Structures are given as structure tokens and as C-alpha cells.
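Below is one structure, written out as C-alpha cells, with a few remarks after it.
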Amino acid sequence: MRRYLLVGLTGSIATGKSTVSRMFAHLGARVIDADLLARDVVMPGQPAYRKIVQEFGAHVVQEDGSLDRKALGAIVFADPARRKRLEEITHPAIGARRQRILSVLDEEAFEGAVIWDAALLFESGGAAKMDRVVVVYADPEIERQRLMERDGLSEADARARIASQMPIAEKAKLAHHVIDNSGTREETERQVRAVYAALLAELAARTRA
């Protein structure tokens, strides 16, 4: 029996998921970043890279041969069918890499919380594979403002990006734990410490059972 608790961490764009992920790591959790794995699987030479270029065309490739993530993002955010096709190409490759990392943790007999940091945890069906799910929530207006400031987007573009994902309120209803990141950093840190303690307590109870 594995000795770690596999915890899905998700949110919506600009709710502060990455900030919360770093807080969990600071407390001692092992964090696996789905976005970093997603970048790895689309590097030139990887099978997913070739499939993406075949599917979306040479105009999503930069001069150095790497994918133009901004150009690709513009295509898939505007067309749900194209976004689904991209996910069909990348998600299996990402899942395989995650499993290899988890296998190493099994071999090491790691005890603790393993955080799977994934923006599309619910959309991809990945939540069903988690022991627990933590959602990072932010008030929709705060989320929109942060996104506009962070990415230099217009209000219309920010609303479109947010609308392309499952509503954060729906995700929060499906979570085992919700961290509200609408307030100060100190308030968020307090919630992260409380959730982390709860996760470790759940793991301890499972180990004793």
C-alpha cells in the first residue's frame, strides 16, 4: 500500500493556484506541476510535439523549432473542439510522466502529501484519480482583475479566458478542501497550513486503518 496521499490541486486561471502550490511545497509536500510536464512532453522530438504540428500546422512553431505556446493558446481558447483535440494529444503523455514520478515515490516509500498541481483537473477527468482534491478559489471579480493585470488582457479577453474553463464555484462544490485566495497572503497561508494538517491527519488515519 502506498504511503502517500495523492492530492489534486486546482483552481481557475489567476485564482492563485501556483502561489498555494509553493506554500504546500514549503510545508513539506512533494509537488508535481502538470504545466511543467506539459512543457516537457511538447519539446521538439517528443511524439506529442509531432502530433501537434501535424494537427495545428507549422505556424505554431517558432524559429528555434519550439512550439509557440501563445499562438497555440489563441487557437484553442477560441475553439473548444480544437482545445479538446490538443488535450487528447497531450494528456496521455502527461499522465505517463506523472505515473513515472509516482512510481519513484513508491520505491522511496515516501510518506506525506503528494500534490498534483493541475489547472484542468476536473475538465480532464483527473480528479477521479485523486485521493483528495483542493480547490483554490478567488472572487470572480478579483480573478478577472488579476488576470488583466498579470497578462495585460482587455476585460473582454479576460472574461473569455475565464469562461473557457469550468466555473470556479462549481469546482469548489466538488472539492474536499477549498482555499479562498481572495484576501491577503497571510490569510491564504493560514488556510494552507490548516488544509495541510488535515491532509496529513487523513493520511495517518488511512495508514492506521
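FYI, the numbering just counts along the sequence from 1. Not measured: the values here are computed from a predicted model.
In this structure, a donor-acceptor pair under 3.5 Å is present between the side chains of Thr188 and Asn181. In this structure, a donor-acceptor pair under 3.5 Å is absent between the side chains of His91 and Glu123.
Annotation: side chain of Ile89 is not in contact with side chain of Val42 (no heavy-atom distance under 4.5 Å). Arg82 places a side-chain heavy atom less than 4.5 Å from the side chain of Phe56. Side chains of Phe122 and Val135 form a contact here, defined as non-hydrogen atoms less than 4.5 Å apart. Side-chain atoms of Val114 and Ile32, non-hydrogen and from C-beta on, do get closer than 4.5 Å to each other.
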Apply side chain to side chain contact (heavy atoms under 4.5 Å, CB included) to the pair Leu72 and Asp68, showing each step before the final yes or no. CA-CA 6 Å; Leu72 189 59; Asp68 186 335; over 6 Å; no
Using the rule given for side chain to side chain contact (heavy atoms under 4.5 Å, CB included), can you reason through Arg30 versus Leu105, listing the C-alpha separation, both sets of side-chain angles and the distance that settles it, and then say yes or no? CA-CA 9 Å; Arg30 295 284 184 95; Leu105 292 176; 3.0 Å; yes
Please step through side chain to side chain donor-acceptor pair (under 3.5 Å) for the pair Glu143 and Ser12, ending with a clear verdict. CA-CA 8 Å; Glu143 177 187 4; Ser12 186; 2.9 Å; yes
Decide yes or no on salt bridge (charged side-chain N to carboxylate O under 4.0 Å, His left out) for Asp35 and Lys17, but give the supporting numbers first. CA-CA 12 Å; Asp35 191 54; Lys17 178 178 61 62; over 6 Å; no
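No donor-acceptor distance shorter than 3.5 angstrom exists from the side chain of Thr15 to the backbone of Ala138, with no hydrogens or angles considered. Looking at Glu55, its side chain never comes within 3.5 Å of a backbone N or O of Arg85 through a donor-acceptor pair. Of the possible donor and acceptor atoms, none in the side chain of Gln165 sits under 3.5 Å from a partner among the backbone N and O of Ile162.
Taking each heavy atom of Pro44 and Gly65 in turn, the nearest pair found is CG-O, 3.5 Å. The two residues Phe110 and Gly28 have their closest heavy-atom pair at CZ-O, 4.5 Å. Contact between Gly57 and Val60 at its shortest, heavy atoms only, is O-CG2, 3.1 Å. Scanning both residues, Leu6 and Lys129, for their nearest heavy atoms gives CD2-O, 3.7 Å.
At a threshold of 4.0 Å, the pair Arg146-Asp151 does not count as salt-bridged, since none of the basic side-chain nitrogens sits closer than that to a carboxylate oxygen. Using a 4.0 Å cut-off between charged side-chain N and carboxylate O, Arg190 and Glu186 make no salt bridge. For Arg206 and Glu202, the salt-bridge test fails: no basic side-chain N is under 4.0 Å from an acidic carboxylate O.
No continuous path of hydrophobic side-chain contacts links Ile142 to Met148 [ILVMFWY only; heavy atoms under 4.5 Å]. Hydrophobic clustering, with ILVMFWY side chains joined whenever heavy atoms are under 4.5 angstrom apart, keeps Ile13 apart from Leu36. Criterion: ILVMFWY side-chain heavy atoms under 4.5 Å apart, direct or through other members. Under it, Leu102 and Leu121 are part of a common hydrophobic cluster.
With a 6.0 Å cutoff to the six-membered ring centre and a 45° limit on the axis angle, Arg161 counts as a cation-pi contact of Phe77.
Taking the salt bridge (Lys or Arg N to Asp or Glu O under 4.0 Å) definition, one finds that Arg144 meets it with Glu141, Glu155, sequence neighbours left out.
Counting non-hydrogen atoms of neighbouring residues, nucleotides and ligands closer than 6.0 angstrom, the CE atom of Met43 reaches no more than 12 such neighbours.
In this structure, Glu108 CD and Tyr4 OH are separated by 11.0 Å, a value rounded to the nearest 0.5 Å. A distance of 15.0 Å separates OH in Tyr137 from OG1 in Thr10, rounded to the nearest 0.5 Å. Rounded to the nearest 0.5 Å, atoms NE2 (His177) and CZ (Arg132) are 6.5 Å apart. Rounding to the nearest 0.5 Å gives a distance of 12.5 Å between CD1 of Ile101 and CG of Asp106. In this structure, the separation between CG on Leu174 and NZ on Lys171 is 10.0 Å, given to the nearest 0.5 Å. The CZ atom of Arg83 lies 8.0 Å from the CG atom of Leu120; values are rounded to the nearest 0.5 Å.
Taking Ile, Leu, Val, Met, Phe, Trp and Tyr as members and joining any whose side-chain heavy atoms lie under 4.5 Å apart, directly or through other members, the hydrophobic cluster of Val20 also contains Leu5, Val7, Leu9, Met23, Phe24, Leu27, Val31, Ile115, Val134, Val136, Ile179, Val192, Val195, Tyr196, Leu199, Leu200, Leu203.
Sorted by first and then second residue, the side chain to side chain donor-acceptor pair (under 3.5 Å) pairs involving residues 43-52 (not counting sequence neighbours) are Gln46-Arg97.
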